[in-house]
Structures are given as structure tokens and as C-alpha cells.
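Okay, so here's the structure we're looking at.
The sequence lines fix the lettering, A, B, ..., with proteins before strands; numbering per chain opens at 1.
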Amino acid sequence: MIMLDELNAQQRLAAKKIDGPLLILAGAGSGKTKTIIYRMAHMIRNLGIPASSILGVSFTNKASKEMRERMHALMGRRVGRDLTLCTFHSLCVQILRQDIDSIGRRKNFTIFDTSDQLSVLRRALKHFNAGKGFDRKTVISKIEKLKNLGIGENEFADSIYFDPEDPYDHATEYCYRYYQENLEFYNAIDFNDIILLAVQILKKNPQIATKYSKRFQYIMIDEYQDTNPLQFQLVQFLTSTHNNICVVGDDDQSIYAFRGADIGNILSFERQFKGATIIKLEQNYRSTAPILNLANAVIKENKKRTSKTLWTQKKSNKLPILWAMGDTEHEADVVAEEIAKMQMSGVHLSNVAMLYRSNTQTPPLEDALRLSSIPYKIIGGQKFYDKKEIKDLISYLSLILNPRNEVALRRIINVPNRGIGKTTLNKFLDKSKSEGMTLFKTMQNFPQVAGSRANLISSFVEIISVNSKNFKMMSLREAIGALIEQIDYLKYIEKEYSDTPKQIEGRKGDVYNFLEAATRFQNYMKEETSLKNFVEKLLLQDSQDSNDDGDDDGAGDGAGDGEGVNSKNEVSLMTLHSSKGLEFNTVFLIGVEEESLPHKRTIEQGEDISEERRLCYVGMTRAREELIMTYCKERTMYGKKVPRHRSRFLHSLKDSKLFVEQDRTTFGHLSEEEAEEYKDNFFASLIDSL
DNA sequence: GGTTATTATTTTTTT
DNA sequence: AATAATAACC
């Protein structure tokens, strides 16, 4: 028997409401995950619902991993194993692997990431009009938006989204088609296609839709405010036979509109699922009252939101603080100094985080921490597989997996240098076109096209085919090792970076880490290890997945595992986006200034800064006890110093007494005595350093 | 075909 | 300031 006594009244209501549509509006820190876990446990243990008929969908691997771990802790491993807890993307990849042939596509597709997309787009734009300088990223984001709305490449021109006056729309029209044709020819799909094609499968094959809907009788969606229209369609198919859907979310934490999330999905849940129950979780167990008061005041300004006010029992007389700093370096130094002080007084650094709007703010903070010898960890930012070496290796693997993948082929055809340059490549591209054959097949069948370089081509083709045999015969780890050796990749790194020797070690390290990752994958997946699964996992990895050198999971059943990604004695650094779902005793909110939060691009784009406000709200509500915000009077941007001002989000509250402002460029935050002492120390250390 | 110099561009957030 | 794309050179 699972006892629900540990839940509060609202949480318990939510856990007990099993049938029909349910919307749980869960404010920040209101025990959302706990409620979901108990709800599932209650269903399985008390009501005897088979775990295998329950599906829990989240957005990040980290979220589903956490859910699984907490399920294990509560009910033991066996039950957890039968539950399906996964991300939207991994769920859809499973659907595609099973049934993609039902919409006339091949099964061994590869997944294109952003850089693959960009490389196709470059060619698309060249074809469209060699002269004009269109921005590839703008075109991509237009295409993605269309895909998220479910508009195909041939439907765009006639849709209401097409503006004949806008030259970008004409470019997009052309490129969208070119892009889709190419992807299909290469047998590749992009992130949006993962969802889009899965929905298409379900749409065209009602029996398949029914199959999945029957298999998953109870469906839960986490972070529902982040779903896009396409994901909404998917949910509709999955619930078509039973309507047992429970969604959990917080409209105030919707921060992914830029990738198509539609806050309307959560706001209109009642209308879309008839007879829905709505339960609000408003008690916050995380933050102290002063922190919550400020956060509430900030978010209150937003117009479109469900009415909901968080409250807490945690009293405190520590008001949030806003520090005015001189410039970027000053900001980093002062914060680092403060953290050093905390460390001295015995604070464990896993309880401390620095949050900021964009990744570009990371380097100066990092420098300051390093100079003060404070251990830190950057979460998110550049993904492991975004590094050049890893992309190269993955391209080899993708090509081996799917020889139609021309983007991968072009990336590595001359890496390491093997004397196959632009001219030769172009010859093969022409031939490939005239024969209507994939680029790789052309190289395989007509090496003589390269003239005197024919043997170079042949030996490249040979490398690929030898290795694809290797992957069938050896273990994953061995086969990757053999590949690296055969192409002599480590030597290539040495040569390539011979003028920046400092980098060599690190880049080689990336290669070793890659091998490590393969080993870990192999140990974890056992007989399900395959190259396909491995590459897929790498590409669907999210920014909070552990790609560190370390012992992350410890494997033993953890006794009450700690919250947060980082339990080591390290400060966590991350963007506001990646901080969602986490909490820390002390939060430094860096750069709460105009053009940063709200961001310049959003201000320029027109009026809707509500998402920026939510971002600010998310950041503030990460803090349990202490919230320290900073802004600079001057910031270095694009290598130039620019004057800056405190964010409008705080400016409008400056007389509210909800926070204190201290000017750290003077000694205004100190009493006279302290200021004297500080100055003495400062000069003393200055003299020391001379 | 490969290397180096110059120029352009970037920086919002990410599955 | 750092990096990538392009052009010009060897």
C-alpha cells in the first residue's frame, strides 16, 4: 500500500484523480515531481494498474531519468522497469523505427542536427540566388516554425503565413523545398521531423494510432506549457481511445516559445479536453517569503496567465539583493569573491549557482572563478558532440550507418586530409547528379571520375566498407577504436593544431572521452548495444545529460538521492533556460539589465517581452534562501564597451522594498568602518602583489 | 590541391 | 574577441 499522507491536500487530490483529463497547475517548487511519482505509485500499487500501460513523457532526458530514479526509490526497481518514461523525441523515434515505412520512408534514417541543417541550407541558398546575403539561421528557424505548425514544403506558398512582400519568405519557400528534397534523398530527418513524421504516421494509419493509444492507457505529460502544436496533435492521437490524460505544467514557466512551444496549449486545456479537472498547487516548499514576494511581483505584470499565487511558510528577513557593478570583469570578480567568502565559512558549493541569460556571459565568470581557485561546473553550453572532433567521428559513424548521408560524407571526405578537394568533389557531384545515384555509390562505382586520384577515392571507399564490417563483428568500443586508428585521427589532431599546442591535449582528450562514452553505453545497454542506438543517443542527448568525465550514476540504489545536477563541491553555472527544474540555496542572477534580460533581440522584435519576464521569474524561483542579482553599468560586447542599465523588471519595483540595491562600484554597501577596513585590505593586497 | 590572409559575422534561449 | 567563410596565394 502506498500512503498518500505525505502529500498536501491539493497534491493528494491530484494523485487520486486517475480517469479522464486532469490539469495540474504546479507553481515553482510546489512538489510537482513528488505528486506525479505518488500518483503513479498509487495507480500501480493501490489500484493494480499495470505499470506497462502507463506512459510518462517529459522534455529532457534528465527529467525522465530523475522520474525513473525517484520511482525506483519509492517502489523498487522491478516496477520502474515496466513503466515507459521517456522524452517526446525518444518516444517518436521509437514510433519511427517501427512504422516509418508506412509513410514510404526507409528505416535506417539518420538524424540531422543543427550543423547538418546549416550545411544543407548553405547550398540551398546558393542555388536560390548566388548574390544576396540571406541569413541561413533565419531561414532555418522559419522552416522549423512551419514544421511545428504542420505546414509542409508545398503548402507554404498558399498558406496565410506566406508574405509575398517579404524576400525572406520567397527564399524560405525555395529552400524549404530544396531542404526537404535533400533530406529525403539522404534518408535523413531533423529534430522537428522526428515529431512531424510520427504524427504523420498516426494520421495516415488509424490502426497504428489505436495500437499506441491502447498500449498506453494512462498518459502523463510533464512541462506541458512547453508543448508545441505538433506535440499537441501527438497527444490527441495517443489519448484517442481513452482520454486518460494528466498534464502538469506552469504557464509562468513557459520559456520555449522560440522553438515552437505554444502556451495556449496549457491555457486552453479545459476547452480542448472536455470535462477536465484542474488542480492548482500553490504552496511553495522551496523559497523563503521575501524571494517569493519579489518573484510574484515580477510575474504579476504579465497579462495572459492563469490566476495563481504562490505562498510559503518559510519566513526570513533576508531580502533579495541587487548589486550595481562597474563592468563585466568587476561583476565576475565581486561574485567570485563573495563565493570564496561563503566557501570559507563552510558552505558546500553544490548549493550555489550562477544563472545568466545567455551563454556568452560564461567566459568572464569562469575566469574569475578559476583565478580564485573556486571549483565550478558549466551545465549546458556547448554540447559534447558539438566539438569538432566528435562531430567528425560521428560523421564517420553516420556514414557507415547510412551511406546515403551526403552531409556526413562531405564533412569527412577529406578529414584527415587525403587529397580529395573541391575539384574532385565537384566532379563526383556532377556524376552523381547525372546518374541519379547517391554520392557514395558514385564514388564506389566510378572512381575513375577522379582521374589520377582514382585510387585515393577507392581507398576511402574501402575504409568505409571495412569499418562497416568491423561494426558487425567487433564490439562497439573496439570498432570505434579501430576506426580512429585506421584513419590515424590522433595524428591528424597533432598536425592540425601544431601551432596551438595547448589545444592538442584537450582535443585528444575529447576523443578518449568519446571512446569512454562508447564503453559506458555498451556496459549499460548490454545486448541492445548497436551503432544505430549509440549515434541516436548521442544526438538526442540534452544539455543536462552527463557528458562529464565522471562517475555520475554510482549505480547503487542511492539512499535518498540529492536534488540538482551537481552534488559535488562545485558552483553550477548555466543559462536561465537550463536552470528550470533545479534549485539552490544561493542563486546569483547575473546581468539583470536591459538588453540582456529582457534580451535585445526580443525588445527589437516587437512587443512581447512576457517570455523574458517569465525567464526572470524562473531564475528567481530557483533560490531557496538567498537571491543576489547583479547588473553592470558598462558591459563588453563584441569586444566593445557599452553602457547598460538595470532591467525594467526591477526598475519598476525599485521603490517596492521587495529588494535592496547596493552599489558595488563605490563602497556604498558597507558601513563606514567596514569600508575603511576593506580599503586597507585592498591596498595591502595591492602592495603584496607588486 | 593545399595553405594562408582577409573579411564577415557572430551572440538568445535547445529538443 | 573569436571564429568561420571567402579570396588570394603558393
- prompt: Does R123(A) count as lying over the ring of Y179(A), i.e. NZ or CZ under 6.0 Å from the six-ring centre, within 45 degrees of the axis?
  reply: no
Output side-chain donor-acceptor pairs under 3.5 Å for residues 420-430 of chain A, partner residues at least two apart or in another chain, one line each.
unit_1: N426(A); atom_1: ND2; unit_2: K422(A); atom_2: O; d: 3.4

- request: Spell out protein contact along nucleotides 5-10 of chain C as letters: B when the base is contacted, S when just the sugar-phosphate is, - when no protein heavy atom is under 4.0 Å; keep the 5' to 3' order.
  value: S-----
- request: Tell me whether the centres of the aromatic rings in Y176(A) and Y178(A) are closer together than 6.0 Å.
  value: no
- line: Atom CG of L91(A) and atom P of dT15(B) are separated, to the nearest Å, by 17 Å
statement: Atom CG of L355(A) and atom C1' of dT13(B) are separated, to the nearest Å, by 14 Å
query: Under a 4.0 Å N-O cut-off, is there an ion pair linking R410(A) with D116(A)?
result: no
query: Please give, in whole Å, the distance from dA1(C) C1' to K641(A) NZ?
result: 14 Å
- request: Give a yes/no answer on whether the side chain of T575(A) brings an N or O atom under 4.0 Å of OP1 or OP2 in dT14(B).
  value: yes
message: Considering every strand and a 4.0 Å limit on heavy-atom distances, what is the contact class for N417(A): base, sugar-phosphate, or nothing?
response: sugar-phosphate
- prompt: Within the structure shown, what part of the strands sits under 4.0 Å from N414(A) by heavy-atom distance: base, sugar-phosphate, or nothing?
  reply: sugar-phosphate
- request: Could you check whether T424(A) gets within reach of a base, just the sugar-phosphate, or nothing at all, counting any heavy atom under 4.0 Å?
  value: sugar-phosphate
message: I need the CD1-P distance between I379(A) and dT13(B), as an integer number of Å.
response: 16 Å
task: Could you tell me whether K147(A) and D190(A) make a salt bridge, using a distance below 4.0 angstrom between a side-chain N and a carboxylate O?
output: yes
field: Short side-chain to backbone donor-acceptor contact, Q361(A) and S358(A), under 3.5 Å
entry: yes
statement: From CG of N61(A) across to C1' of dT15(B) the rounded distance in Å is 9 Å
query: Atom CG of L540(A) and atom C1' of dT14(B): how far apart are they, to the nearest Å?
result: 13 Å
- request: Rounded to whole angstrom, note down the C1' distance from dA5(C) over to dT12(B).
  value: 23 Å
Between the protein and nucleotides 10-12 of chain B, list every N/O to N/O distance that falls short of 3.5 Å.
unit_1: dT11(B); atom_1: OP2; unit_2: K137(A); atom_2: NZ; d: 2.3
unit_1: dT12(B); atom_1: OP1; unit_2: R601(A); atom_2: NE; d: 3.2
unit_1: dT12(B); atom_1: OP1; unit_2: R601(A); atom_2: NH1; d: 2.4
unit_1: dT12(B); atom_1: OP1; unit_2: R601(A); atom_2: NH2; d: 2.9
unit_1: dT12(B); atom_1: OP2; unit_2: H599(A); atom_2: NE2; d: 3.4
unit_1: dT12(B); atom_1: O4'; unit_2: H599(A); atom_2: NE2; d: 3.4
unit_1: dT12(B); atom_1: O2; unit_2: R357(A); atom_2: NH1; d: 3.0
unit_1: dT12(B); atom_1: O2; unit_2: R357(A); atom_2: NH2; d: 2.1
unit_1: dT12(B); atom_1: O4; unit_2: Q605(A); atom_2: NE2; d: 3.3

query: Which sits closer to the 5' end of DNA chain B, T423(A) or E611(A), going by the nucleotide each is nearest to?
result: T423(A)
- request: Flag yes if more than 12 heavy atoms outside K145(A) fall under 6.0 Å of its NZ atom; otherwise flag no.
  value: no
field: Salt-bridge criterion met for R105(A) and D193(A) (N-O under 4.0 Å)
entry: no
message: Expressed as a whole number of angstroms, how long is the span from E144(A):CD to dT13(B):P?
response: 14 Å
message: Whole angstroms only, please: what is the CG-P distance between D367(A) and dA1(C)?
response: 14 Å
query: Under the criterion salt bridge (charged side-chain N to carboxylate O under 4.0 Å, His left out), which of E593(A), E594(A), E329(A) is the partner of R635(A)?
result: E593(A)
